[in-house]
Amino acid sequence: MKANWGASEATVRSREDLIAVIENIRKSGQATMVFLQAQDGRVLVFGVGHEESVLTFSEPDGTSFHSVGDPDRKGYLLFLCRDQLDEFMKEMAVPERDALVAAEEFLRTQECPGGIR
């Protein structure tokens, strides 16, 4: 599996590899979206560096799913995404720890994580 964030890329084969990517991003001090891409084209995108995160899962055919936290929340979270600062609706926000668990699940199964609404 490949991980991409900004201009950086890494091969992720294990939980330890994923943790190394996350720690690299944390050291940058900039909340950043990580793209995890499986060989079959499925992609999980998740934010690192805030207390909250947002996620998107995409199938190879382009079908996509987005995380839902509190649909009544207003406002935006900012993450660096593909080297530009992007706004993500707070209604998508889930605790960052839940997003990291989802990323580990995607690494293991290459399926849409089940623990995120």
Side-chain angles (χ1 to χ4, degrees):
M1 187 169 295
K2 293 288 183 194
N4 296 286
W5 64 102
S8 300
E9 181 178 294
T11 299
V12 177
R13 293 188 181 101
S14 66
R15 180 177 187 271
E16 290 75 22
D17 292 342
L18 181 60
I19 290 169
V21 166
I22 292 165
E23 289 306 313
N24 187 311
I25 292 166
R26 288 192 194 288
K27 287 178 187 173
S28 77
Q30 176 65 56
T32 300
M33 299 301 287
V34 179
F35 291 70
L36 281 181
Q37 183 168 358
Q39 286 185 327
D40 69 358
R42 292 179 183 175
V43 178
L44 181 70
V45 185
F46 64 100
V48 173
H50 278 305
E51 289 182 15
E52 296 178 303
S53 182
V54 297
L55 299 97
T56 299
F57 174 80
S58 298
E59 295 280 2
D61 67 2
T63 303
S64 65
F65 304 90
H66 306 277
S67 57
V68 176
D70 179 352
D72 295 325
R73 283 185 74 190
K74 304 294 180 215
Y76 298 93
L77 294 172
L78 296 174
F79 287 92
L80 192 62
C81 184
R82 297 185 172 158
D83 285 333
Q84 71 178 31
L85 204 54
D86 280 346
E87 296 177 333
F88 295 85
M89 295 178 294
K90 283 189 175 181
E91 67 190 36
M92 297 171 58
V94 298
E96 185 193 51
R97 69 183 174 281
D98 293 350
L100 300 181
V101 168
E104 288 183 25
E105 181 181 341
F106 179 70
L107 178 63
R108 280 191 322 275
T109 67
Q110 300 180 15
E111 298 287 335
C112 186
I116 301 292
R117 186 172 83 159

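Only a predicted model underlies this, so the values are computations on that prediction, with no experimental measurement involved.
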Give the table of side-chain donor-acceptor pairs shorter than 3.5 Å for residues 26-36, with sequence neighbours excluded, one pair per line with atom names and distance.
from : atom 1 : to  : atom 2 : distance (Å)
R26  : NH1    : E96 : OE1    : 3.4
R26  : NH1    : E96 : OE2    : 3.4
R26  : NH2    : E96 : OE1    : 3.0
S28  : OG     : I25 : O      : 2.6
S28  : OG     : Q30 : N      : 3.2
T32  : OG1    : Q30 : O      : 2.7

Which pairs would a plain distance check flag for residues 2-12, meaning a side-chain donor or acceptor within less than 3.5 Å of a matching protein atom at least two apart in sequence or in another chain?
from : atom 1 : to  : atom 2 : distance (Å)
K2   : NZ     : T11 : OG1    : 2.9

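- Expressed to the nearest 0.5 Å, how far CG of L18 lies from CD of E16 amounts to 9.5 Å.
- Between the T56 side chain and the H66 main chain, no donor and acceptor come within less than 3.5 Å of each other.
- With sequence neighbours left out, F46 forms a ring pair (Phe, Tyr, Trp, His ring centres under 6.0 Å) with no residue at all.
- Atom OG of residue S14 and atom CD1 of residue I19 lie 8.0 Å apart, to the nearest 0.5 angstrom.
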Check: residues 80-87 side-chain donor-acceptor pairs under 3.5 Å, at least two apart:
from : atom 1 : to  : atom 2 : distance (Å)
Q84  : NE2    : D86 : OD1    : 2.9

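- In the hydrophobic clustering of this structure, V45 groups with Y76; members are Ile, Leu, Val, Met, Phe, Trp, Tyr whose side-chain heavy atoms approach within less than 4.5 Å, directly or through other members.
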Contacts table for residues 110-117: side-chain donor-acceptor under 3.5 angstrom, sequence neighbours left out:
from : atom 1 : to  : atom 2 : distance (Å)
E111 : OE1    : R42 : NH1    : 3.0
E111 : OE2    : R42 : NH1    : 2.8
R117 : NH2    : G69 : O      : 2.9

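- Shown here are the side chain to side chain contact (heavy atoms under 4.5 Å, CB included) partners of E91, two or more places apart in sequence or in another chain: M89.
- With rounding to the nearest 0.5 angstrom, the CZ atom of R108 is 11.0 Å from the CE atom of M1.
- With hydrophobic clusters built from ILVMFWY side chains whose heavy atoms lie under 4.5 angstrom apart, L44 does not share a cluster with V54.
- Side-chain atoms of V48 and L100, non-hydrogen and from C-beta on, do get closer than 4.5 Å to each other.
- For P60 against G41, the heavy-atom pair with the smallest separation is CG-C, 4.1 Å.
- Transitive grouping of hydrophobic side chains (ILVMFWY, heavy atoms separated by less than 4.5 Å) keeps F106 and F79 in distinct clusters.
- L55 and F65 fall within a single hydrophobic cluster, where Ile, Leu, Val, Met, Phe, Trp and Tyr side chains are chained together by heavy-atom contacts under 4.5 Å.
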